[in-house]
Amino acid sequence: MYDLTGFQRDLLYAIAGQDDPHGLAIKDELEAYYEGEIHHGRLYPNLDTLVDKGLVEKGQEDRRTNFYSVTRRGTREIEARREWENQYIDLDDS
């Protein structure tokens, strides 16, 4: 996880929070978070990077639509990141 960009981490979290989302659903989710347009030229190469790193699987819904799901490794990486963050931020005291 340490070698991902912030955008790639956000992609991973957005995918983990949905049931096998397709690219446009992920794009919509991130556009709402970033409050701006996410271009295809930014989205899909970063999704491919997550696939290449084994954090996300890419499936095909039909000829034009792919869907994405977090792998076991991706889930472990998210959990490890959360544990690391919790060392520094204790939200229970807020």
Side-chain angles (χ1 to χ4, degrees):
M1 179 82 77
Y2 64 88
D3 63 337
L4 298 181
T5 66
F7 183 73
Q8 290 166 344
R9 271 195 308 270
D10 292 344
L11 280 172
L12 185 59
Y13 292 146
I15 295 166
Q18 300 179 53
D19 288 330
D20 298 334
H22 52 81
L24 290 178
I26 298 165
K27 181 178 180 288
D28 290 344
E29 186 70 27
L30 287 179
E31 285 179 341
Y33 176 71
Y34 282 94
E35 297 180 354
E37 186 175 357
I38 304 293
H39 297 283
H40 291 236
R42 181 178 186 198
L43 178 67
Y44 291 102
N46 282 288
L47 285 170
D48 288 341
T49 297
L50 294 177
V51 170
D52 292 344
K53 290 182 178 287
L55 301 172
V56 169
E57 288 180 337
K58 177 176 161 180
Q60 194 169 22
E61 191 171 307
D62 57 41
R63 285 189 225 169
R64 296 187 52 198
T65 307
N66 294 320
F67 64 87
Y68 298 87
S69 59
V70 175
T71 63
R72 287 185 188 175
R73 179 175 175 219
T75 300
R76 285 193 311 266
E77 292 290 335
I78 290 170
E79 290 168 353
R81 174 71 183 204
R82 182 165 276 167
E83 287 177 23
W84 180 81
E85 289 173 347
N86 286 340
Q87 294 178 72
Y88 303 102
I89 301 170
D90 186 5
L91 297 177
D92 292 334
D93 291 338
S94 321

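Note that the structure is predicted; figures quoted are calculated from it, not measured.
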Euclidean distance, [Y] [atom2] relative to [X] [atom1], rounded to 0.5 Å:
X	Y	atom1	atom2	result
Lys53	Leu12	NZ	CG	11.5 Å
Ile38	Ile26	CD1	CD1	12.0 Å
Leu50	Leu4	CG	CG	6.0 Å
Leu11	Leu43	CG	CG	6.0 Å

Are the side chains of Leu55 and Ile15 in contact, using a 4.5 Å heavy-atom criterion?
no
Looking at side-chain heavy atoms only, is the closest gap between Asp3 and Gln8 below 4.5 Å? no
- Task: Looking only at non-hydrogen atoms, find the nearest pair between Asn46 and Arg42 and report the distance.
- Result: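 Taking every non-hydrogen atom into account, ND2-O, 2.6 Å.
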Tyr33 meets the side-chain contact (heavy atoms from CB on, under 4.5 Å) criterion, sequence neighbours left out, with Asp10
Hits for ring-ring contact (aromatic ring centres under 6.0 Å, His included) against Tyr44, two or more places apart or cross-chain, chain-then-number order -> His40
ask   = Got a sec, which residues hit ring-ring contact (aromatic ring centres under 6.0 Å, His included) with Tyr88, two or more places apart in sequence or on another chain?
value =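 Tyr88: ring-ring contact (aromatic ring centres under 6.0 Å, His included) contacts with Trp84.
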task = Count the heavy atoms belonging to other residues, nucleotides or ligands that lie under 6.0 Å from CG of Asp19, then report whether that count exceeds 12.
result = no
So the side-chain hydrogen bond (donor to acceptor under 3.5 Å, both in side chains) pairs with at least one residue in residues 20-31 (sequence neighbours excluded) are Lys27-Glu31
Contacts satisfying side-chain hydrogen bond (donor to acceptor under 3.5 Å, both in side chains) that involve residues 68-83 (not counting sequence neighbours) are Arg81-Glu85
Going by chain and number, the hydrophobic cluster around Phe67 (ILVMFWY, side chain to side chain under 4.5 Å) further includes none
